[in-house]
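Indexing begins at 1, ligand by ligand and atom by atom, following the structure's order. All values below were derived from every heavy atom in this structure, side-chain atoms included, with hydrogens, water molecules and symmetry-related copies excluded.
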Amino acid sequence: MTTSTKGLEGIVATQSSISSIIDDQLSYVGYKIDDLAVKSSFEEVIYLLWNLKLPTEDELARIKTELAENMEIPNAVIEHLRSYDLSTVHPMAALRTAVSLLGLYDSEADVMDPEANKRKAIRIQAKIATIVAAFSRIRNGQDPVKPKKNLGYAENFLYMLNGKEAEDIEIEAINKALVLHADHELNASTFTARVCVATLSDIYSGITAAISALKGPLHGGANENVMKMLTEIGEEENAIPYIEEKLKNKEKIMGMGHRVYQNGDPRAKHLKKMSEELTKLTGQEKWYNMSVEIEEYVKESKGLPANVDFYSASVYHSLGIDHDLFTPIFAVSRTSGWLAHILEQYDNNRLIRPRAEYTGPELQDYVELPQRG
Ligand code: COA
């Protein structure tokens with residue numbers, strides 16, 4: 001048997017038509033992320049990822065309606081969220097458990113035909129934003145807000161989160177973040193989702209597994225940690241000494257580096273621009289300025305460019321969003337990609353079962369219990 005590759009780096013594990021990273025260029029179904037980031041709504045991207053084509057006006061109108069009509073979550077899920085220890089439960093843990101619970105209230109959860117799976121995809125995508133918003137409100141001692149059927153996805157999410165309709169720039173920022181995070185080839189959580197459903201487990205299990213993988217600080221958890229770092233730094237003049245110290249201690253700088261991109265993450269510049277605009281608008285330029293200083297210093301000294309998580313932190317912070325909701329928002333977006341990959345996996349399935357390179361002892365004789373030292 002051949003030797004293993006740590007972290008499966010460079011291993012091509014499947015074929016996919018959903019998104020690609022070629023020569024540091026990210027595209028969804030062949031459409032460049034740079035075009036989608038400035039031209040598309042999140043609903044358009046969801047349609048694209050699930051149908052491998054851009055929607056017509058009618059198709060876009062239909063998916064918008066279907067999403068808005070399916071956003072309400074069962075009362076039982078809301079009551080469950082209320083039952084958590086709200087002072088300690090991280091919203092990613094709440095989301096993981098709530099999505100799993102949602103499956104128990106879907107009578108089609110274990111119906112595996114393609115049409116039922118598409119209906120479930122709509123329901124999960126619609127409801128995941130509501131779960132994040134409801135958990136946040138309950139935690140803040142407020143009642144959850146029901147979605148409005150006439151609002152778009154990004155707008156509805158902000159409405160359910162804040163209890164009031166959002167400004168255009170806020171909707172633009174969230175829509176852009178949702179578009180940019182929607183899919184990313186075979187990242188850790190997407191791979192997790194595919195491995196899970198390749199056993200022919202159901203779609204709710206696949207999404208629950210993916211959320212669990214996204215939760216880690218080396219994946220989706222990085223954006224929350226970026227804001228933690230910026231908050232610890234506090235003021236612009238402390239930024240470089242803080243980073244120097246971290247690098248001296250061989251600690252990782254969150255939001256920097258990437259397994260796949262060599263010359264930088266193409267999504268970062270869109271969020272950088274949004275961060276500049278929003279921090280200026282809200283009088284919080286220091287977060288942007290500090291981020292630029294860190295980005296330039298780490299690029300210069302370690303050759304590591306910023307990834308998508310780096311500027312999403314100051315974008316969400318300027319919108320007044322709690323820091324521990326950053327990763328759940330990433331999950332709301334990436335659910336569209338996970339669902340696309342799950343449907344693709346079902347469509348042409350084979351159990352995913354790699355091998356391990358054994359590094360333990362050679363075959364040895366069993367030692368009876370009394371003879372063991
Ligand atoms: N800060 C400082 N050093 C970093 C670094 C970072 N953010 N990312 C990588 N490195 C260094 C490692 O310390 C290691 O150095 P060494 O060879 O001297 O030990 C080298 O670069 C390779 O790192 P490794 O973690 O093996 O690379 P990877 O391909 O597994 O890393 C990430 C990819 C994204 C996990 C990694 O860059 C990272 O941990 N970044 C911070 C977390 C983050 O932002 N995640 C979100 C990704 S979108």
Side-chain angles (χ1 to χ4, degrees), residues 4-13 19-21 24-26 28 33 37 92 176-193 210-233 239-272 275 287 290-317 323-324 326-335 337-338:
S4 62
T5 307
K6 199 166 181 198
L8 297 184
E9 182 166 2
I11 302 290
V12 177
S19 66
S20 72
I21 305 168
D24 282 359
Q25 170 86 255
L26 170 64
Y28 299 163
I33 197 65
M92 274 304 273
K176 211 181 277 294
L178 294 176
V179 167
L180 289 169
H181 287 85
D183 198 46
H184 207 223
E185 204 222 48
L186 211 56
N187 57 89
S189 54
T190 301
F191 186 52
T192 305
I211 294 172
S212 309
L214 187 73
K215 185 170 173 285
L218 295 188
H219 190 6
N223 54 12
E224 179 183 347
N225 284 310
V226 170
M227 205 58 227
K228 188 164 170 253
M229 171 178 80
L230 296 179
T231 313
E232 267 169 29
I233 294 172
I240 302 305
Y242 177 98
I243 297 296
E244 278 173 341
E245 186 64 19
K246 285 248 172 209
L247 292 178
K248 204 172 86 197
N249 295 333
K250 299 238 168 277
E251 285 178 59
K252 280 190 168 172
I253 312 301
M254 290 294 128
M256 295 288 155
H258 202 277
R259 172 68 65 83
V260 179
Y261 296 114
Q262 303 304 318
N263 301 307
D265 183 331
R267 301 164 297 176
K269 61 180 176 294
H270 296 284
L271 290 166
K272 182 175 184 178
S275 164
W287 304 118
M290 212 186 271
S291 303
V292 173
E293 275 192 55
I294 296 171
E295 180 191 17
E296 286 171 0
Y297 183 83
V298 176
K299 177 102 191 40
E300 181 84 357
S301 60
K302 293 278 293 180
L304 291 169
N307 61 48
V308 70
D309 289 315
F310 193 64
Y311 284 100
S312 68
S314 44
V315 166
Y316 297 147
H317 177 80
H323 300 169
D324 59 2
F326 294 1
T327 314
I329 295 174
F330 187 160
V332 167
S333 165
R334 185 57 58 83
T335 293
W338 293 331

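Shown here is Lys215, whose NZ atom has no more than 12 heavy atoms of other residues, nucleotides or ligands within 6.0 Å.
A donor-acceptor contact shorter than 3.5 Å is absent between the side chain of Ser275 and the backbone of Leu271. Side chain of Ser333 to main chain of Leu178: a donor-acceptor pair is present (N/O by atom type, distance under 3.5 Å, no hydrogens or angles). Within the 3.5 Å criterion, the main-chain N or O of Asn263 finds a donor-acceptor partner in the side chain of Asp24.
Among Asn225, Val226, Leu247, the one residue that satisfies the side-chain contact (heavy atoms from CB on, under 4.5 Å) test with Ile253 is Leu247.
Ion pair Glu296/Lys299 not flagged as a salt bridge, since none of the NZ, NE, NH1 or NH2 atoms sits closer than 4.0 Å to an Asp/Glu carboxylate oxygen.
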Check ligand 1 for N or O atoms under 3.5 Å from a protein N or O and list each pair with its distance.
{"unit_1": "ligand 1", "atom_1": "1 (N)", "unit_2": "Ile253", "atom_2": "N", "d": "2.8"}
{"unit_1": "ligand 1", "atom_1": "7 (N)", "unit_2": "Ile253", "atom_2": "O", "d": "2.7"}
{"unit_1": "ligand 1", "atom_1": "7 (N)", "unit_2": "Met256", "atom_2": "O", "d": "2.8"}
{"unit_1": "ligand 1", "atom_1": "25 (O)", "unit_2": "Lys252", "atom_2": "NZ", "d": "2.5"}
{"unit_1": "ligand 1", "atom_1": "29 (O)", "unit_2": "Arg259", "atom_2": "NE", "d": "2.7"}
{"unit_1": "ligand 1", "atom_1": "30 (O)", "unit_2": "Arg259", "atom_2": "NH2", "d": "3.0"}
{"unit_1": "ligand 1", "atom_1": "37 (O)", "unit_2": "Met256", "atom_2": "O", "d": "3.4"}
{"unit_1": "ligand 1", "atom_1": "39 (O)", "unit_2": "Lys252", "atom_2": "NZ", "d": "3.0"}
{"unit_1": "ligand 1", "atom_1": "40 (N)", "unit_2": "Met256", "atom_2": "O", "d": "2.9"}
{"unit_1": "ligand 1", "atom_1": "44 (O)", "unit_2": "Gly255", "atom_2": "N", "d": "2.8"}
{"unit_1": "ligand 1", "atom_1": "44 (O)", "unit_2": "Asn307", "atom_2": "ND2", "d": "2.9"}
{"unit_1": "ligand 1", "atom_1": "45 (N)", "unit_2": "Leu218", "atom_2": "O", "d": "3.3"}

